[in-house]
There are 2 protein chains.
Amino acid sequence: MFSKTCEYAIKAVLYIATQSLNNIRVKIGDVAENTGSPEAFTAKILSTLTKHKLLHSIKGPYGGFEIEEKKMKQIKISEIVYAIDGDAIYNGCGLGLNKCNAAKPCPMHDKFIKVRSELKKMLETTTVHELATKVKAGKSILIRN
Amino acid sequence: MFSKTCEYAIKAVLYIATQSLNNIRVKIGDVAENTGSPEAFTAKILSTLTKHKLLHSIKGPYGGFEIEEKKMKQIKISEIVYAIDGDAIYNGCGLGLNKCNAAKPCPMHDKFIKVRSELKKMLETTTVHELATKVKAGKSILIRN
DNA sequence: CTTATTTAAGATATTTTTATCCGAAATAAA
DNA sequence: TTTATTTCGGATAAAAATATCTTAAATAAG
Ligand code: SF4
Ligand code: SF4
(Lines give C-alpha, C1' and ligand atoms only; values in the text may rest on other atoms or scores of the structure.)
(Ligands and ions follow the chains in the order given, each with its own letter.)
Protein backbone atom coordinates (compact mmCIF):
# COMPACT_ATOMS: atom_id res chain seq x y z
CA MET A 1 0.00 0.00 0.00
CA PHE A 2 2.54 2.57 1.17
CA SER A 3 6.31 2.33 0.90
CA LYS A 4 8.18 1.36 4.03
CA THR A 5 9.62 4.87 4.10
CA CYS A 6 6.09 6.24 4.13
CA GLU A 7 5.03 3.96 6.97
CA TYR A 8 7.98 5.20 9.01
CA ALA A 9 7.04 8.77 8.12
CA ILE A 10 3.44 8.43 9.28
CA LYS A 11 4.46 6.77 12.53
CA ALA A 12 7.15 9.39 13.11
CA VAL A 13 4.75 12.30 12.61
CA LEU A 14 2.20 10.69 14.89
CA TYR A 15 4.78 10.05 17.59
CA ILE A 16 6.08 13.60 17.44
CA ALA A 17 2.52 14.96 17.44
CA THR A 18 1.56 12.84 20.42
CA GLN A 19 4.54 14.11 22.39
CA SER A 20 3.86 17.68 21.27
CA LEU A 21 0.37 17.37 22.78
CA ASN A 22 2.23 17.07 26.10
CA ASN A 23 4.64 19.85 25.14
CA ILE A 24 7.52 17.41 24.84
CA ARG A 25 10.07 18.04 22.10
CA VAL A 26 11.63 14.81 20.80
CA LYS A 27 14.96 13.82 19.25
CA ILE A 28 15.59 11.55 16.30
CA GLY A 29 16.66 8.74 18.62
CA ASP A 30 13.38 8.96 20.54
CA VAL A 31 11.38 8.82 17.37
CA ALA A 32 13.27 5.80 16.04
CA GLU A 33 12.96 3.97 19.33
CA ASN A 34 9.27 4.62 19.74
CA THR A 35 8.25 3.78 16.20
CA GLY A 36 10.51 0.79 15.62
CA SER A 37 12.36 2.46 12.77
CA PRO A 38 16.10 2.53 11.97
CA GLU A 39 17.59 5.69 13.44
CA ALA A 40 19.73 7.02 10.57
CA PHE A 41 16.98 6.37 8.09
CA THR A 42 14.51 8.12 10.36
CA ALA A 43 16.80 11.15 10.33
CA LYS A 44 16.56 11.29 6.55
CA ILE A 45 12.78 11.02 6.64
CA LEU A 46 12.35 13.68 9.31
CA SER A 47 14.54 15.96 7.26
CA THR A 48 12.30 15.49 4.23
CA LEU A 49 9.18 16.10 6.29
CA THR A 50 10.70 19.25 7.75
CA LYS A 51 11.47 20.56 4.25
CA HIS A 52 7.82 19.98 3.40
CA LYS A 53 6.85 22.04 6.47
CA LEU A 54 5.07 19.12 8.05
CA LEU A 55 7.34 19.25 11.09
CA HIS A 56 9.22 21.93 12.95
CA SER A 57 12.85 21.16 13.77
CA ILE A 58 15.19 22.88 16.25
CA LYS A 59 18.94 22.30 16.08
CA GLY A 60 21.37 22.12 18.98
CA PRO A 61 21.07 21.14 22.64
CA TYR A 62 17.47 20.83 23.81
CA GLY A 63 16.53 20.79 20.14
CA GLY A 64 14.51 18.18 18.32
CA PHE A 65 11.18 18.03 16.55
CA GLU A 66 7.71 19.25 17.37
CA ILE A 67 4.39 20.13 15.77
CA GLU A 68 2.16 22.97 16.92
CA GLU A 69 -1.31 21.85 17.91
CA LYS A 70 -2.77 24.27 15.41
CA LYS A 71 -0.63 22.71 12.67
CA MET A 72 -1.50 19.12 13.52
CA LYS A 73 -5.15 19.97 13.18
CA GLN A 74 -4.49 21.19 9.65
CA ILE A 75 -2.20 18.43 8.40
CA LYS A 76 -3.89 15.44 6.79
CA ILE A 77 -2.30 12.02 6.46
CA SER A 78 -2.54 12.48 2.70
CA GLU A 79 0.07 15.24 2.92
CA ILE A 80 2.58 12.93 4.56
CA VAL A 81 1.98 10.26 1.92
CA TYR A 82 2.32 12.84 -0.82
CA ALA A 83 5.57 14.24 0.59
CA ILE A 84 7.18 10.79 0.71
CA ASP A 85 5.59 8.64 -2.00
CA GLY A 86 4.47 11.38 -4.37
CA ASP A 87 1.21 11.17 -6.25
CA ALA A 88 1.44 7.56 -7.47
CA ILE A 89 -1.18 6.35 -5.03
CA TYR A 90 -3.54 9.16 -6.05
CA ASN A 91 -3.02 9.31 -9.79
CA GLY A 92 -1.22 6.13 -10.75
CA CYS A 93 -3.20 3.31 -12.29
CA GLY A 94 -3.86 -0.17 -10.99
CA LEU A 95 -2.24 -1.85 -13.95
CA GLY A 96 0.39 0.79 -14.50
CA LEU A 97 -0.58 1.89 -17.99
CA ASN A 98 1.54 4.78 -19.25
CA LYS A 99 -1.36 7.14 -19.51
CA CYS A 100 -4.94 6.94 -18.41
CA ASN A 101 -7.85 7.52 -20.71
CA ALA A 102 -11.41 7.24 -19.48
CA ALA A 103 -12.67 6.56 -23.00
CA LYS A 104 -10.58 3.41 -23.43
CA PRO A 105 -9.41 2.48 -19.97
CA CYS A 106 -7.74 -0.65 -18.73
CA PRO A 107 -10.32 -3.32 -17.90
CA MET A 108 -10.11 -2.79 -14.15
CA HIS A 109 -10.64 0.95 -14.40
CA ASP A 110 -14.15 1.37 -13.01
CA LYS A 111 -13.68 -0.92 -10.05
CA PHE A 112 -10.21 0.28 -9.35
CA ILE A 113 -11.06 3.96 -9.43
CA LYS A 114 -13.78 3.38 -6.88
CA VAL A 115 -11.48 1.82 -4.31
CA ARG A 116 -8.69 4.27 -4.98
CA SER A 117 -10.88 7.30 -4.50
CA GLU A 118 -12.10 5.92 -1.18
CA LEU A 119 -8.53 5.50 -0.05
CA LYS A 120 -7.74 9.02 -1.19
CA LYS A 121 -10.77 10.43 0.57
CA MET A 122 -9.88 8.57 3.75
CA LEU A 123 -6.34 9.96 3.77
CA GLU A 124 -7.54 13.46 2.95
CA THR A 125 -10.05 13.57 5.77
CA THR A 126 -7.88 12.14 8.52
CA THR A 127 -5.85 14.69 10.47
CA VAL A 128 -2.67 14.14 12.40
CA HIS A 129 -4.36 15.65 15.45
CA GLU A 130 -7.20 13.15 15.31
CA LEU A 131 -4.83 10.17 15.35
CA ALA A 132 -2.37 11.66 17.83
CA THR A 133 -5.24 12.19 20.25
CA LYS A 134 -6.10 8.50 20.02
CA VAL A 135 -2.53 7.52 20.78
CA LYS A 136 -2.30 9.97 23.67
CA ALA A 137 -5.47 8.52 25.16
CA GLY A 138 -3.93 5.05 25.02
CA LYS A 139 -6.54 3.85 22.58
CA SER A 140 -3.94 2.88 20.04
CA ILE A 141 -0.22 2.28 19.65
CA LEU A 142 2.60 2.99 17.23
CA ILE A 143 4.85 0.06 18.03
CA ARG A 144 4.31 -3.47 19.21
CA ASN A 145 6.93 -4.90 21.59
CA MET B 1 -0.77 -0.66 -4.83
CA PHE B 2 0.51 -3.79 -6.54
CA SER B 3 4.12 -4.61 -7.33
CA LYS B 4 5.23 -4.09 -10.91
CA THR B 5 5.56 -7.85 -11.22
CA CYS B 6 1.93 -8.19 -10.20
CA GLU B 7 0.78 -5.61 -12.74
CA TYR B 8 2.58 -7.54 -15.46
CA ALA B 9 0.98 -10.75 -14.20
CA ILE B 10 -2.55 -9.39 -14.32
CA LYS B 11 -2.07 -7.95 -17.79
CA ALA B 12 -0.49 -11.21 -19.00
CA VAL B 13 -3.35 -13.33 -17.70
CA LEU B 14 -5.90 -10.98 -19.25
CA TYR B 15 -4.10 -11.00 -22.59
CA ILE B 16 -3.85 -14.78 -22.65
CA ALA B 17 -7.48 -15.10 -21.61
CA THR B 18 -8.62 -12.67 -24.29
CA GLN B 19 -6.77 -14.67 -26.95
CA SER B 20 -8.08 -17.94 -25.54
CA LEU B 21 -11.61 -16.62 -26.03
CA ASN B 22 -10.74 -16.75 -29.74
CA ASN B 23 -9.03 -20.12 -29.36
CA ILE B 24 -5.62 -18.61 -29.97
CA ARG B 25 -2.69 -20.00 -28.03
CA VAL B 26 0.01 -17.38 -27.35
CA LYS B 27 3.76 -17.41 -26.85
CA ILE B 28 5.81 -15.49 -24.28
CA GLY B 29 6.92 -13.00 -26.93
CA ASP B 30 3.30 -12.23 -27.87
CA VAL B 31 2.37 -11.66 -24.26
CA ALA B 32 5.34 -9.35 -23.65
CA GLU B 33 4.64 -7.37 -26.80
CA ASN B 34 0.94 -6.94 -26.15
CA THR B 35 1.23 -6.00 -22.49
CA GLY B 36 4.30 -3.78 -22.70
CA SER B 37 6.33 -6.00 -20.41
CA PRO B 38 9.97 -7.13 -20.66
CA GLU B 39 10.06 -10.52 -22.36
CA ALA B 40 12.46 -12.49 -20.15
CA PHE B 41 10.79 -11.20 -17.03
CA THR B 42 7.40 -12.09 -18.44
CA ALA B 43 8.69 -15.65 -18.92
CA LYS B 44 9.46 -15.86 -15.21
CA ILE B 45 6.06 -14.54 -14.25
CA LEU B 46 4.17 -16.87 -16.59
CA SER B 47 6.13 -19.75 -15.13
CA THR B 48 5.03 -18.78 -11.62
CA LEU B 49 1.42 -18.43 -12.70
CA THR B 50 1.54 -21.83 -14.39
CA LYS B 51 2.84 -23.43 -11.18
CA HIS B 52 -0.10 -21.88 -9.38
CA LYS B 53 -2.44 -23.50 -11.96
CA LEU B 54 -3.69 -20.12 -13.12
CA LEU B 55 -2.49 -20.78 -16.67
CA HIS B 56 -1.99 -23.83 -18.84
CA SER B 57 1.35 -24.07 -20.66
CA ILE B 58 2.33 -26.28 -23.59
CA LYS B 59 5.99 -26.78 -24.49
CA GLY B 60 7.44 -27.18 -27.95
CA PRO B 61 6.42 -26.07 -31.42
CA TYR B 62 2.87 -24.70 -31.57
CA GLY B 63 3.05 -24.50 -27.82
CA GLY B 64 2.41 -21.50 -25.63
CA PHE B 65 -0.11 -20.48 -22.99
CA GLU B 66 -3.88 -20.68 -22.79
CA ILE B 67 -6.73 -20.63 -20.30
CA GLU B 68 -9.89 -22.70 -20.66
CA GLU B 69 -13.05 -20.62 -20.69
CA LYS B 70 -14.38 -22.63 -17.77
CA LYS B 71 -11.22 -21.84 -15.82
CA MET B 72 -11.25 -18.11 -16.55
CA LYS B 73 -14.76 -17.93 -15.16
CA GLN B 74 -13.51 -19.41 -11.91
CA ILE B 75 -10.29 -17.45 -11.48
CA LYS B 76 -10.57 -14.17 -9.59
CA ILE B 77 -8.06 -11.32 -9.86
CA SER B 78 -7.37 -11.84 -6.17
CA GLU B 79 -5.81 -15.22 -6.99
CA ILE B 80 -3.30 -13.62 -9.36
CA VAL B 81 -2.38 -10.99 -6.78
CA TYR B 82 -2.03 -13.67 -4.12
CA ALA B 83 0.19 -15.86 -6.33
CA ILE B 84 2.59 -13.00 -7.03
CA ASP B 85 2.48 -10.58 -4.09
CA GLY B 86 1.36 -12.99 -1.38
CA ASP B 87 -1.07 -11.96 1.32
CA ALA B 88 0.49 -8.62 2.28
CA ILE B 89 -2.27 -6.63 0.63
CA TYR B 90 -4.94 -8.69 2.37
CA ASN B 91 -3.46 -9.15 5.81
CA GLY B 92 -0.62 -6.66 6.08
CA CYS B 93 -1.21 -3.48 8.01
CA GLY B 94 -1.24 0.10 6.83
CA LEU B 95 1.54 1.14 9.13
CA GLY B 96 3.39 -2.15 9.01
CA LEU B 97 3.15 -3.08 12.66
CA ASN B 98 4.63 -6.49 13.39
CA LYS B 99 1.38 -7.97 14.52
CA CYS B 100 -2.18 -6.75 14.44
CA ASN B 101 -4.38 -6.59 17.49
CA ALA B 102 -7.91 -5.28 17.31
CA ALA B 103 -7.88 -4.42 21.01
CA LYS B 104 -4.93 -2.03 20.73
CA PRO B 105 -4.59 -1.29 17.06
CA CYS B 106 -2.52 1.31 15.28
CA PRO B 107 -4.38 4.62 15.11
CA MET B 108 -5.36 4.22 11.48
CA HIS B 109 -6.83 0.77 12.01
CA ASP B 110 -10.54 1.41 11.67
CA LYS B 111 -10.32 3.59 8.62
CA PHE B 112 -7.65 1.52 7.02
CA ILE B 113 -9.45 -1.79 7.47
CA LYS B 114 -12.49 -0.36 5.76
CA VAL B 115 -10.66 0.59 2.59
CA ARG B 116 -8.59 -2.56 2.55
CA SER B 117 -11.59 -4.84 2.83
CA GLU B 118 -13.23 -3.05 -0.07
CA LEU B 119 -10.16 -3.60 -2.17
CA LYS B 120 -10.10 -7.24 -1.15
CA LYS B 121 -13.77 -7.68 -1.94
CA MET B 122 -13.31 -6.00 -5.30
CA LEU B 123 -10.46 -8.33 -6.25
CA GLU B 124 -12.30 -11.39 -4.99
CA THR B 125 -15.43 -10.71 -6.99
CA THR B 126 -13.80 -9.81 -10.30
CA THR B 127 -13.19 -12.76 -12.60
CA VAL B 128 -10.64 -13.05 -15.37
CA HIS B 129 -13.46 -13.91 -17.77
CA GLU B 130 -15.34 -10.72 -16.97
CA LEU B 131 -12.34 -8.53 -17.77
CA ALA B 132 -11.18 -10.56 -20.78
CA THR B 133 -14.63 -10.19 -22.29
CA LYS B 134 -14.35 -6.42 -21.98
CA VAL B 135 -10.99 -6.42 -23.72
CA LYS B 136 -12.25 -8.74 -26.46
CA ALA B 137 -15.19 -6.41 -27.10
CA GLY B 138 -12.78 -3.52 -27.54
CA LYS B 139 -14.18 -1.73 -24.51
CA SER B 140 -10.81 -1.61 -22.83
CA ILE B 141 -7.12 -2.09 -23.51
CA LEU B 142 -4.04 -3.64 -21.94
CA ILE B 143 -1.38 -1.42 -23.47
CA ARG B 144 -1.22 2.16 -24.62
CA ASN B 145 0.89 2.88 -27.69
C1' DC C 1 16.05 -39.90 -35.38
C1' DT C 2 16.91 -35.18 -36.15
C1' DT C 3 15.71 -30.55 -36.08
C1' DA C 4 13.23 -26.54 -34.87
C1' DT C 5 10.41 -24.43 -31.49
C1' DT C 6 8.87 -23.41 -27.22
C1' DT C 7 8.55 -23.33 -21.98
C1' DA C 8 11.38 -24.21 -17.49
C1' DA C 9 14.92 -23.22 -14.41
C1' DG C 10 19.00 -21.41 -12.61
C1' DA C 11 22.68 -18.00 -12.73
C1' DT C 12 23.76 -13.32 -13.21
C1' DA C 13 23.05 -8.25 -13.83
C1' DT C 14 20.84 -3.82 -13.09
C1' DT C 15 18.00 -0.63 -10.73
C1' DT C 16 15.47 0.96 -6.88
C1' DT C 17 14.61 1.01 -2.15
C1' DT C 18 16.15 0.84 2.28
C1' DA C 19 19.77 1.77 5.49
C1' DT C 20 24.24 3.45 7.43
C1' DC C 21 28.14 6.60 8.11
C1' DC C 22 30.49 10.80 8.59
C1' DG C 23 31.52 15.57 8.65
C1' DA C 24 29.27 20.22 8.59
C1' DA C 25 26.23 23.68 10.53
C1' DA C 26 23.56 25.50 14.18
C1' DT C 27 22.87 26.64 18.91
C1' DA C 28 22.37 26.37 23.99
C1' DA C 29 24.94 26.43 28.18
C1' DA C 30 29.07 26.78 30.91
C1' DT D 1 34.88 31.31 23.60
C1' DT D 2 34.63 26.62 24.19
C1' DT D 3 32.14 22.49 24.50
C1' DA D 4 28.41 19.45 24.06
C1' DT D 5 24.31 18.46 21.63
C1' DT D 6 21.48 18.15 17.96
C1' DT D 7 19.76 18.46 13.05
C1' DC D 8 21.42 18.65 8.04
C1' DG D 9 23.49 16.99 3.83
C1' DG D 10 26.23 14.25 1.09
C1' DA D 11 28.63 9.90 0.30
C1' DT D 12 28.34 5.00 0.73
C1' DA D 13 26.51 0.41 1.63
C1' DA D 14 23.24 -3.39 1.80
C1' DA D 15 19.08 -5.50 0.52
C1' DA D 16 15.21 -6.18 -2.38
C1' DA D 17 12.90 -5.78 -6.71
C1' DT D 18 13.24 -5.88 -11.46
C1' DA D 19 15.39 -7.63 -15.59
C1' DT D 20 18.45 -10.43 -18.60
C1' DC D 21 21.07 -14.42 -20.19
C1' DT D 22 22.04 -19.15 -20.89
C1' DT D 23 21.26 -23.88 -20.85
C1' DA D 24 18.08 -27.72 -20.21
C1' DA D 25 13.83 -30.19 -21.08
C1' DA D 26 9.83 -31.17 -23.74
C1' DT D 27 7.60 -31.97 -28.00
C1' DA D 28 5.77 -31.46 -32.78
C1' DA D 29 6.95 -32.21 -37.52
C1' DG D 30 9.75 -33.76 -41.19
S1 SF4 E 1 -7.50 2.83 -17.02
FE2 SF4 E 1 -8.14 3.42 -14.93
S3 SF4 E 1 -7.51 1.70 -13.62
FE4 SF4 E 1 -6.45 1.44 -15.59
S5 SF4 E 1 -4.50 2.44 -15.29
FE6 SF4 E 1 -5.84 4.00 -16.16
S7 SF4 E 1 -6.74 5.04 -14.37
FE8 SF4 E 1 -5.84 3.14 -13.61
S1 SF4 F 1 -3.79 -2.05 13.70
FE2 SF4 F 1 -5.09 -2.33 11.87
S3 SF4 F 1 -4.40 -0.79 10.39
FE4 SF4 F 1 -2.81 -0.92 11.99
S5 SF4 F 1 -1.37 -2.41 11.19
FE6 SF4 F 1 -2.79 -3.58 12.44
S7 SF4 F 1 -4.39 -4.25 11.01
FE8 SF4 F 1 -3.25 -2.62 9.98
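This one's a predicted model, so the numbers in the text were calculated from it and none came from an experiment. A note on names: the letters A, B, ... follow the listed sequences, proteins ahead of strands, and every chain is numbered from 1.
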DNA chain C: 5'-proximal contact among Tyr8(A) and Lys59(B) (nearest heavy atom):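 Its nearest nucleotide being more 5', the pick is Lys59(B).
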Lys111(A) and Glu130(B) ion-paired at < 4.0 Å: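 Yes.
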Proximity to the side chain of Ala40(A) - top-ranked nucleotide from dT20(C), dT7(C), dA9(C): dT20(C)
Listed nucleotide nearest any side-chain atom of Lys44(A), set dA4(C), dA8(C), dC21(C):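 In terms of side-chain proximity for Lys44(A), the closest of dA4(C), dA8(C), dC21(C) is dC21(C).
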Base-pair map of DNA chain C as dot-bracket, where | denotes pairing with a different strand and pairs are Watson-Crick or G-U under 3.5 Å: ||||||||||||||||||||||||||||||
Same apolar cluster (I L V M F W Y, side chains within < 4.5 Å links), Ile58(B)/Leu55(B):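 No, separate clusters.
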Taking any heavy-atom pair under 4.0 Å as a contact, classify [X]: base, sugar-phosphate, or nothing.
X	value
Ile28(B)	sugar-phosphate
Ile58(B)	sugar-phosphate
Phe41(A)	base

Thr126(A) side chain to Leu123(A) backbone, donor-acceptor under 3.5 Å: no
Start and end of chain B contact along DNA chain D [non-hydrogen atoms, under 4.0 Å]: dT18(D) to dA29(D)
Parallel, tilted or perpendicular: rings of Phe41(B) and Tyr8(B) (30°, 60°): perpendicular
Atom-to-atom span, CD of Glu7(A) to P of dT17(C) - whole angstrom: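 Atom CD in Glu7(A) sits about 15 Å away from atom P in dT17(C).
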